[in-house]
Amino acid sequence: MLLFFRNFFQSKFGVPITLAFLALIAVAFASSDLASTGTFGGVAGGDRVAVVGDRKIDSADLVNSANAALDQARQSNPNMSMDAFIAQGGLDDVLDQMIDRAAIAEYARLHGLRAGENLVNSEIIAVPQFRGANGEFDANVFRQLIGAQGLSEAAFRTDLAQGLLAQQLLVPVAIGGKAPDKVVTHYAALLKERRRGAIAVLPAQAFAPTGNPSQSALEAYYTENRGDFIRPERRVIRYAVFGADTLGGQAEPTAAEIRARYEEDRAQYAASENRRVTQLIVPTQEAANAIRQRVSAGGSLETAAREAGFDTATVGPVSREALAARSSAEVARAAFAAGRGEIAAPARSGLGWHVVRVDEIDARAARSLEQVRGEIADALRVEKRQTALADLAASVEEQLADGVSLSDVAEDLGAELQTTRPLLATGGVYGTPSETAPEILAPAIETAFQMSEGQPQVAEVERGQTFLIFEASEIVPSAAAPLAEIRDDVIAGWRLAQGAKAARAAADRVLQRVKGGAALSAAVGEEEQDLPGVEQIDLTREQLAAMQGRFPAPIALLFSMAEGTTKKLEAPDSNGWFVVDLDDIETGEVSRNDPVFAQASADLGGAMGREYADQLRLALRKELGVERNETAIEAIRKQLLGQN
């Protein structure tokens, strides 16, 4: 979450090349220094997972950072589990980022760099999310937002200060990247380069066996690829809804309450008159009289004002009292004495003489209690309902806090208790992609996936009207499905894996035929399987760049090969193999005034800036020294995986 808050001060430097590197350490910035107690995997929270110079990284910090990184990953993939996160190297990445952070902070301390309290305050004040309704910084909003993320103000300030130190060190290094023109020219010419070749696809399905594996082979495949069969966490939610219907007649206003409100607001129901006027202010009474006479004779107030070098202004709708407060009692008296469309007698205020035209008159007669009884009753009914529901919700919260079960609370309320099917964190129904949780639960899904089992809570669904009480009645953690339950899926995976192995062997045979002088299409045609046709490729690097990274891996390989070579490439997810044949490379030419040259210069400068920052990071580690406690790291890994 802090990465979201940091965007405001990262972007103002206008140095895009630094953002990628700064993002690498943001996860660790967002969560470390928040805990220093507890035990994890048999290693006390005070034990060290790493030491950078004189700065120590505690095991508790690593656990908190890993959990924060997992939460961040779940924003884009709600079904991400800790098992999958660690399997993909997430824990190692987090620790590396924490080591980089410690190295930067320690180096800054040793060399006198600092981010003082005033600088930190100025950065916090500038965050748009911390502003109140008036557009100014609001300390309460600030504390509420960081508190919602489980952060203390001290931890947030420390984190922000260390981020500023990172900027002081990294930004000057990164912005210094500039490639020589000769290098840029050579690189820009590459963008004009054209490559011609062919790509063959050898799908795993075409080579997959049709029979079933032996039990031992199936079990071995399942064990080796258990991570491919992990089911996401799912939760069953029990809930009940209560609202105005629960109150019965509690919200109905009495005659005495209606009369009391009428007396309280009597001025609101008294006779009233508001007017909209257009006025002109001149310095003398003679000028005001002259303009009034001219307009009364058929002229326009706006034209008369413009010719006299003045401007008119529209005021209202406004009451007599309000107009008197804005100008003077004399001006208000004159304006409210004139009829609609008339020019009032000139009157004086502290600003000068007013020439006033009455544009609109809104006169309302006094209204009796009987005339407004229904209006007052409706307003009181809404107020009483909101107050009664708020009191009822507070009472329900107290009951739940005292240990009263959700079932008993729902029964007392007369509310129907309902149970969902197993739900995913996305709000979808597990096993039925087209089905989602009931709409009433939408505001509670995220909270429900953070709750402990059997710990009901209250949520306001529609402000002042509808409330929800809910609990996670059954939690099934993310884990690999038992082989017996997914046997068919595992068999399908085994067949695909076997097909991928056979496709690799076929790719090797095709390569040998091409090296023997055969054309790629002919080499593929010698295989017994029915395979897709060979695709001919004719592209420039400039066309490739226009795809903005949205091109297949075989195309990328084609543009990294030497002319006249043939290579194989594995398709993702065991889906087969590609054979890529590069026939011809046509070099390009570019001049310095070509837009491609300017773009190449910017790209190379950015890459060099990132490399400088990377080298600085490695140099800081080397100079300060890094020691890792592999025993503690492994213990934390096991604890996060629930293996202890």
Side-chain ([X]) to main-chain ([Y]) donor-acceptor, under 3.5 angstrom:
X	Y	value
Gln168	Arg114	yes
Ser452	Gln455	no
Gln88	Phe85	no
Asn274	Ser319	yes
Asn77	Ala73	no
Ser478	Arg231	yes
Ser395	Asp391	no
Asp138	Val141	yes
Arg235	Leu423	no
Thr387	Lys384	no

Closest non-hydrogen atom pair, [X] against [Y]:
X	Y	value
Thr466	Ile440	CG2-CD1, 4.3 Å
Trp353	Pro283	CD1-O, 3.6 Å
Tyr262	Arg367	OH-O, 2.8 Å
Ile361	Gly339	CD1-C, 4.2 Å
Glu370	Arg373	OE2-NH2, 2.6 Å
Arg292	Ala344	NE-O, 3.5 Å

Between the side chains of [Y] and [X], is the shortest nitrogen-to-carboxylate-oxygen separation below 4.0 Å, so that they form an ion pair?
X	Y	value
Arg340	Glu342	no
Glu252	Arg381	yes
Glu153	Arg143	yes
Arg294	Glu307	yes
Glu264	Arg259	no
Arg357	Glu302	yes

Taking C-beta and beyond as the side chain, do Ser59 and Ile636 meet within less than 4.5 Å on heavy atoms?
-> yes
Drop me the distance from [X]'s [atom1] to [Y]'s [atom2], to the nearest 0.5 angstrom.
X	Y	atom1	atom2	value
Arg131	Phe137	CZ	CZ	10.5 Å
Asn67	Leu640	CG	CG	6.0 Å
Arg261	Ile376	CZ	CD1	8.0 Å
Ile86	Ser81	CD1	OG	9.0 Å
Gln457	Leu406	CD	CG	11.5 Å
Ile237	Leu468	CD1	CG	9.0 Å

Could you go step by step and tell me if Ser328 and Arg333 meet the side-chain hydrogen bond (donor to acceptor under 3.5 Å, both in side chains) rule?
-> CA-CA 9 Å; Ser328 69; Arg333 187 182 305 111; over 6 Å; no
Step by step, would you call Thr426 with Ile445 a side-chain contact (heavy atoms from CB on, under 4.5 Å)?
-> CA-CA 8 Å; Thr426 57; Ile445 291 293; over 6 Å; no
Has Asp402 got more than 12 heavy atoms of other residues, nucleotides or ligands less than 6.0 Å from its CG?
-> yes
Worked check of side-chain contact (heavy atoms from CB on, under 4.5 Å) between Ser327 and Leu351 = CA-CA 8 Å; Ser327 52; Leu351 299 176; over 6 Å; no
Arg421 charged N/C atom sitting above Tyr430 aromatic ring, 6.0 Å / 45° = no
Applying side-chain contact (heavy atoms from CB on, under 4.5 Å), run through Thr314 and Val277 and close with a yes or a no.
-> CA-CA 6 Å; Thr314 300; Val277 302; over 6 Å; no
Pick out which of Val356, Val358, Asp362, Val315 makes a side chain to side chain contact (heavy atoms under 4.5 Å, CB included) with Arg275.
-> Val358
Evaluation steps, side-chain contact (heavy atoms from CB on, under 4.5 Å), between Ser473 and Glu453 | CA-CA 6 Å; Ser473 62; Glu453 189 171 326; 5.9 Å; no
So Phe142 and Phe156, would you call those rings parallel, tilted or perpendicular, with 30° and 60° as cut-offs?
-> perpendicular
Tyr239 ring center near Phe470 ring center (under 6.0 Å) | no
Are Ser349 and His354 close enough, and set up right, to give a side-chain hydrogen bond (donor to acceptor under 3.5 Å, both in side chains), and what steps lead you there?
-> CA-CA 7 Å; Ser349 75; His354 292 241; 2.6 Å; yes
Derivation of the side-chain hydrogen bond (donor to acceptor under 3.5 Å, both in side chains) call for Asp359 and Thr278 = CA-CA 7 Å; Asp359 297 327; Thr278 299; 2.5 Å; yes
Asn121 and Arg157: CA distance, side-chain angles, deciding distance, side-chain hydrogen bond (donor to acceptor under 3.5 Å, both in side chains) verdict | CA-CA 9 Å; Asn121 286 339; Arg157 287 177 173 278; 2.6 Å; yes
